[in-house]
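Report on the structure given below.
As the structure lists them, so they are numbered: ligands from 1, and atoms in each ligand from 1. Since the model is a prediction, treat every value here as computed from it, not as a measurement.
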Amino acid sequence: MCGIVGYIGNKNATEILTQGLKRLEYRGYDSAGVAVFDGKEIQTVKAKGRLKNLKDELLKTPVTGNLGIGHTRWATHGAPCAKNSHPHTSQDGKIAVVHNGIIENYEQLRAMLENKGYTFKSETDTEVIPHLVELYYDGDIFCAVKKAVSHLSGSYALGIICENEPDKLVAVRKESPLIIGVGDGENFIASDIPAILSETENVYFLNDGEIAVITKDTVDIFGKDGEPVIKKPEKVTFSENAAQKDGYEHFMLKEIYEQPRAVADTLRGRLADGMPVKFDDFDSKLISKFRKIYIVACGTAYHAGLVGKMAIEKLAKLPTDVELASEFRYNEPLIDSETMVIAISQSGETADTLAGVRLAKSSGAYVLAITNVLGSSISREADMTFYTYAGPEISVASTKAYTTQLVALYLFALFLAENKNSALPTEIDIVKKELLKLPVSLKKVLELEGEIKRISKKIYKETDMYYLGRGLDYAVAMEGSLKLKEISYIHSETYAGGELKHGPIALIEKDTVVIAISTNKEICAKMDSNIKEVTTRGAYTIAIVNEATAPQHTACSHMVVMPGEGSVLSPVTSAIPLQLLAYHVAYQKGEAIDKPRNLAKSVTVE
Ligand code: AGP
């Protein structure tokens, strides 16, 4: 979704803003712009489409200065075009604003401002903000912003500059992330850490309702009540390199290959041979009070939750429901103080998941967040956060975040089981040993890339595909299908093997591509019947199996055999061939793999 960068210091703001925006490209956008104070006035340059178009515009109308704000826009209100892109300016042109989020009462505000004589240049909800700030401006930009935001409903992260006070950059947020980067004689704002990682590692995370007045040498933060807030900048742990492609053609492929490392990092300090699982600061005394768990998440994180439910119920014997956050928030779930809600979110900013967290907390539940982003909104509102150490995930299609979420959920299931004595020590031990072996197992599965690439060349022209699985493999099949849809734009659906004959089998005809995941020796004979049901109707079946299940699946058209015999951890390893398949199919089709159409990395609006 939209990205924000702001700069104040001695360097050329335009250059810093465009570099920062480049690093935010992964969030998804359809237009971009910058507003820079050139020493006399604020100059705004915008363009529809990729950043390259903005750079072309900047070549035609160069602007330099030491103060500026920049934005990549993902259209919500008003078509993607230069006119609707940010920054938006006040009537007198002296105030410029970039905004992430949605102003829900913008129609009323727009009518009120029009009545007062303000004219609007765009169709956006955002444009009310610079006009409101102008309306309240009487020589103090901080006071004007404070008054203006008190009229806004909805969500916002704002970067604001004012021609009359060119030594200040103002930042304020509510329900949309915003950070302040601290430099030496320069400071930055950004919607996301990678934007400023090449400039500084020291950041302030703004809380909801906080306003910051930033000069090149100072950062003053104020609470909702206008009182100063004392906080220290935090050091971010990931390196700028982690946000670069490192020779891979796409971030997605790089991130697929990073999974052995990401899983090892997520396990480190939490699981060691012969030791009980350490689930960070989770207080084990709390466990006995929980009667029920809800896992709440969206997209890939929801698919991780489906696996988590099976692991928790198997090992910890605690009833667990998994809900799409967008449904959970409106479904009147039965939550009380004996409920634990696990919110899973790579970004920690997904609006629906955040709303689920708030609902859970207001109903008295304990909220555990599993997220990848330090200081994210969900981590701030949860009772406890368990961080996955996947490192920055830039590709819109999630890969390493998913496998590390799975690892977090397995660790939690084991932690509960050890503390509740709900599983046999031998059973717990087997899972722990498998977890410790995971980084090596993942490396071996990655060696299948060549074979998967060959398969992708056979199937990339398809318009429809079907994914089948049973139990844990069904959850993994759903994730595989989502990956394919997201980046290759091929329609695909997932069915539980046993459901086929209840309807979907009517869709199978000669050469229909069916991808069947079968990693569980106990039920692979059942899966094999499903494979036969489709192959006898002419389907081209690709089975993703392991050494234990392979002998069962002689009827399929192509078999990808993963090393090992499979276990409760199979979802982690079988994710890899499915990610690689989606990647190579999209590659053959020549699609924009890291930035698929219509999608955003961090979905901060409902
Ligand atoms: C996955 O490939 C996605 N692009 C998407 O489904 C994502 O998982 C979902 O939007 C949730 O995001 P989050 O983990 O940041 O909350």
Judged by heavy atoms only, the candidate from Thr350, Leu599, Thr399 nearest atom 12 (O) of ligand 1 is Thr350
Counting from 1 in the order shown, the ligand 1 atoms closer than 4.0 Å to a non-hydrogen atom of Lys483 are 1 (C), 2 (O)
Under 4.0 Å from one or more heavy atoms of Ser345, ligand 1 contributes atoms 13 (P), 14 (O), 15 (O), 16 (O)
| request: State whether the shortest distance between N or O atoms of Glu486 and N or O atoms of ligand 1 falls below 3.5 angstrom. | output: yes
Between ligand 1 and Val396, is the shortest N or O to N or O distance under 3.5 Å? yes
shortest atom 14 (O) of ligand 1-to-protein heavy-atom contact is with Gln346 N, 2.6 Å
Across all chains, not counting sequence neighbours, the side chain to side chain donor-acceptor pair (under 3.5 Å) partners of Glu349 are Ser377
- Measure from the ring center of Tyr474 to the ring center of Tyr495 and say whether it is less than 6.0 Å. no
Is it true that Arg73 and Asp125 have a side-chain N and a carboxylate O under 4.0 angstrom from each other? no
Under 4.0 Å from one or more heavy atoms of Ala397, ligand 1 contributes atoms 2 (O)
Cys298 meets the side chain to side chain contact (heavy atoms under 4.5 Å, CB included) criterion, sequence neighbours left out, with Ala325, Thr350, Asp352, Thr353
Under 4.0 Å from one or more heavy atoms of Ser398, ligand 1 contributes atoms 1 (C), 2 (O)
For Tyr489, does the six-membered ring have the charged nitrogen or CZ of Arg597 within the cation-pi criterion, i.e. under 6.0 angstrom from the centroid and within 45° of the normal?
yes
- Flag if over 12 foreign heavy atoms under 6.0 Å of CG, Asp281: no
Going by distance only, is there an N or O of Thr300 that falls short of 3.5 Å from an N or O of ligand 1?
yes
